[in-house]
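This report refers to the structure that appears directly beneath it.
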Amino acid sequence: AIDDKLQTDVPESIEALRKANIKIWVLTGDKQETAITIGFASRQLTSSMHIMILEGHTPEDVHHKLSEFVGKIGQANLIKKDNAALIVDGKTLEHALDPSVQESFLNVALACRSVICCRVSPSQKAAVVEMVKVKVKDSITLAILLLPRLLLVHGAWNYNRLSKLIL
């Protein structure tokens with residue numbers, strides 16, 4: 001069971017961000033089962049998604065599993081459907097962040113609509129954020145959950161003002 005209740009409008013906010021084609025990664029210290037339950041409750045995960053759980057005890061195990069995921073993503077045409085989710089625990093994430101595996105991990109994660117990293121330490125959270133900042137051009141990383149008003153309303157107003165200025 002979930003001890004904490006989701007804040008008001010969290011599911012609607014996440015769904016609005018998803019509809020705006022904004023990908024959200026969740027980095028949490030919660031157990032995997034709890035993180036998945038919260039993922040469904042917050043609409044970060046949906047029942048129609050192909051959920052891939054990444055597990056491995058060595059960098060080689062993780063690299064092998066990521067290669068399997070690449071095959072699944074390609075075969076099922078999940079990239080075009082934007083309908084895959086990746087779940088990673090902290091122990092596996094340590095191996096996924098290994099320099100020999102990091103690029104494969106990032107490629108699979110970027111192909112997914114949702115990424116949930118659970119049981120992660122603060123240093124792992126920082127490493128994931130730093131990896132995305134360095135490796136993914138034009139990415140923005142934020143540690144704020146409720147952004148729809150800022151992004152969708154104020155962003156639309158800003159877009160309109162900019163359009164009028166150009167015209």
Side-chain angles (χ1 to χ4, degrees), residues 1-2 4 6 10-11 13-145 147:
I2 299 173
D4 299 327
L6 294 174
V10 168
S13 299
I14 289 176
E15 190 164 350
L17 293 172
R18 286 176 38 130
K19 286 180 181 177
N21 205 26
I22 295 171
K23 293 187 179 187
I24 300 171
W25 290 27
V26 175
L27 308 174
T28 181
D30 290 332
K31 291 189 294 185
Q32 182 173 309
E33 298 81 17
T34 304
I36 291 172
T37 302
I38 292 171
F40 279 108
S42 66
R43 298 186 194 158
Q44 174 77 6
L45 301 173
T46 65
S47 59
S48 65
M49 284 183 159
H50 180 73
I51 298 174
M52 301 178 293
I53 298 177
L54 181 61
E55 295 174 328
H57 301 291
T58 66
E60 293 78 21
D61 289 347
V62 173
H63 194 276
H64 178 72
K65 191 76 168 177
L66 288 167
S67 297
E68 287 179 19
F69 289 165
V70 168
K72 285 181 182 179
I73 290 171
Q75 288 173 355
N77 220 359
L78 293 171
I79 293 174
K80 290 181 183 172
K81 294 179 186 175
D82 205 17
N83 208 25
L86 181 65
I87 312 294
V88 185
D89 67 26
K91 291 178 183 177
T92 303
L93 183 61
E94 194 67 39
H95 301 303
L97 294 173
D98 184 274
S100 65
V101 182
Q102 191 177 74
E103 188 172 338
S104 296
F105 169 67
L106 188 59
N107 288 337
V108 170
L110 291 174
C112 293
R113 182 68 182 153
S114 297
V115 177
I116 298 178
C117 299
C118 48
R119 281 291 189 211
V120 295
S121 67
S123 63
Q124 287 174 314
K125 291 177 185 181
V128 170
V129 170
E130 186 62 26
M131 175 187 67
V132 171
K133 281 182 178 179
V134 169
K135 303 252 182 191
V136 182
K137 296 188 188 293
D138 299 325
S139 69
I140 297 173
T141 56
L142 298 170
I144 301 171
L145 180 60
L147 294 175

Q.
Please check if the number of heavy atoms outside K91 that lie under 6.0 Å from its NZ is greater than 12.
A. no
Q) Are side-chain heavy atoms of W25 and L86 found at a separation under 4.5 Å? A) no
Q) Is the closest side-chain heavy-atom distance between L27 and V129 below 4.5 Å? A) yes
Q) Do M131 and L97 come close enough that some side-chain heavy atom pair is under 4.5 Å? A) yes
Q. So, for K23 and A111, which heavy atoms are closest and what is the spacing to 0.1 Å?
A. NZ-C, 4.2 Å
Q: Give the minimum heavy-atom separation between H63 and S100, together with the two atoms involved.
A: CD2-O, 3.8 Å
Q: Of all the heavy-atom pairs spanning L45 and S114, show the shortest one and how long it is.
A: CD2-CB, 4.1 Å
Q. Taking C-beta and beyond as the side chain, do C117 and Q124 meet within less than 4.5 Å on heavy atoms?
A. no
Q | Exercise: identify the closest heavy-atom pair between R113 and K19 | A | NH2-N, 4.1 Å
Q: Go through the side-chain N and O atoms of H64 and E68 and say whether any donor and acceptor fall under 3.5 Å apart.
A: yes
Q: Assess whether atom CD of Q102 is packed by more than 12 heavy atoms of other residues, nucleotides or ligands within 6.0 Å.
A: yes
Q. Between NZ of K31 and CD1 of I38, what distance do you get to the nearest 0.5 Å?
A. 11.0 Å
Q | Whether T92 side chain and V88 backbone form a donor-acceptor pair below 3.5 Å | A | no
Q: Would you check, one step at a time, whether the test side-chain contact (heavy atoms from CB on, under 4.5 Å) holds for V136 with L106?
A: CA-CA 9 Å; V136 182; L106 188 59; 4.1 Å; yes
Q) Taking side chain as C-beta onward, heavy atoms only, is Q44 less than 4.5 Å from I116? A) yes
Q) Can you tell me how far OG of S104 sits from NZ of K65, rounded to the nearest 0.5 angstrom? A) 15.0 Å
Q. Any sub-3.5 Å donor-acceptor pair from H50's side-chain atoms to N83's backbone N or O?
A. no
Q. Side chains of F105 and L93: does their closest heavy-atom pair fall under 4.5 Å?
A. yes
**Q.** Short side-chain to backbone donor-acceptor contact, K135 and E103, under 3.5 Å
**A.** no
Q. Can you list the residues that meet the side-chain contact (heavy atoms from CB on, under 4.5 Å) rule with I53, with sequence neighbours excluded?
A. Q32, I36, I51, E55, I87
